[in-house]
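Report on one structure; see the data block that follows.
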Amino acid sequence: MALLLEGRQAMGFNYYPPCPQPELVIGFPPHSDFSGLTILLEVNDVQGLQIKKDGMWIPVKSLPNAFIINIGDTLEIMSNGTYCSIEHRATVNSFKERISVATFCSPKMDGEICPAPSLVTPETPAMFRRISVVDYIKGLFTQKIDGKSYIHSMRIQNEPGMKSN
Ligand SMILES: O=C(O)CCC(=O)C(=O)O
Ligand SMILES: [Fe+2]
């Protein structure tokens, strides 16, 4: 956990203008966050976040002034797949602008991401390969944003029964 406790906190500010035909556009395309955890606030209480569950997009009904906490890819890798990062996207509203602020609790830049050694046993082999944070981020930014495809490319091809979500 030192990787996250001694890590970085990055922030993202998202502004989604209204669109008269919201079904034709996407505010933020499907992705999972690189962070360990993401703390998200829908600043002006306009909803638009959706998460992918069982292949379906589910709108998140947030409580006023409440934070939304999402699991990111770093925690999925560190927990050796026990906690899965959530694929999400943001839609836009026909009439109202939408503003969200995300705080990404992310690993330190000079660290490495890999499953916690205590979670890797002969019965539960490592599901992800070890990679430096710098290389992970470099790879992430050279790819098109495409759901969870990037974290999936970090998987070690273990025996059948591999979880993939
Ligand atoms: O605006 C939102 O609700 C989502 C933003 C988001 O997914 C991100 O900043 O990573
Ligand atoms: Fe996100």
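Read the numbers this way: they start at 1 and go in the same order the structure lists the ligands and their atoms. Computed over heavy atoms, backbone and side chain alike; hydrogens, waters and symmetry mates excluded. For clarity, every value in this text was computed on a predicted model and none was experimentally measured.
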Discussion item. Does any part of the side chain of Phe141, heavy atoms only, come nearer than 4.5 Å to the side chain of Lys138, both counted from C-beta?
Written reply: no
Response to the item:
In ligand 1, the atoms that come under 4.0 Å of a heavy atom of Ser100 are 1 (O), 2 (C)
Worksheet item: About how many Å separate CD1 of Ile77 and CD1 of Ile113, when rounded to the nearest 0.5 Å?
Response: 5.0 Å
Worksheet, complete the sentence: A student checking ligand 1 against Leu40 at a 4.0 Å heavy-atom cut-off should list atoms 3 (O)
Fill in: Lys148 and Glu76 ion-paired at < 4.0 Å
yes
Worksheet item: Quick one: does ligand 1 sit under 4.0 Å from the side chain of Arg89, the backbone, both or neither, non-hydrogen atoms only?
Response: neither
Worksheet item: Taking the side chain as C-beta and beyond, is there a heavy-atom pair between Asn80 and Met78 under 4.5 Å?
Response: no
Worksheet item: Would you call Glu42 a ligand 1 contact, heavy-atom distance under 4.0 Å?
Response: no
Fill in: Angular separation of NE2 (His88) and NE2 (His31) seen from the Fe ion (ligand 2), to 10°
90°
Discussion item. Less than 4.0 Å is my threshold; does some heavy atom of His31 fall inside it relative to ligand 1?
Written reply: yes
Worksheet item: By number and element, which atoms of ligand 1 are closer than 4.0 Å to a non-hydrogen atom of Phe104?
Response: 9 (O), 10 (O)
Worksheet, complete the sentence: Closest heavy-atom approach to atom 6 (C) of ligand 1 among Phe13, Tyr15, Phe28 is made by Phe28
Discussion item. At under 4.0 Å between heavy atoms, is it the side chain or the backbone of Asp33 that contacts ligand 1, or both, or neither?
Written reply: side chain
Worksheet item: What is the closest protein heavy atom to atom 3 (O) of ligand 1, and at what distance does it sit?
Response: Arg98 NH2, 2.7 Å
Discussion item. With a 4.5 Å cut-off on side-chain heavy atoms, are Gln47 and Val60 touching?
Written reply: no
Discussion item. As a test of reading the structure, name the N/O/S atom of Asp33 that is nearest the Fe ion (ligand 2).
Written reply: OD1
Practice prompt. Search all heavy atoms of Pro107 against all heavy atoms of Phe34 and return the closest pair with its distance.
Written response: CG-CZ, 3.6 Å
Discussion item. For a quick check under 3.5 Å, do Asp146 and His31 share a side-chain donor-acceptor pair by atom type?
Written reply: no
Item to complete: Compare all side-chain heavy atoms of Val101 with those of Val43 and state whether any distance is below 4.5 angstrom.
Response: yes
Worksheet item: Do Tyr150 and Tyr136 have ring centres separated by under 6.0 Å?
Response: yes
Worksheet item: Hey, which atoms in ligand 1 end up nearer than 4.0 Å to a heavy atom of Leu49?
Response: 3 (O), 4 (C)
Worksheet, complete the sentence: the protein heavy atom lying closest to atom 5 (C) of ligand 1 turns out to be Asn14 ND2, 3.4 Å
Fill in: For Tyr16, the ligand 1 atoms whose distance to one of its heavy atoms is below 4.0 Å
1 (O), 2 (C), 4 (C), 5 (C)
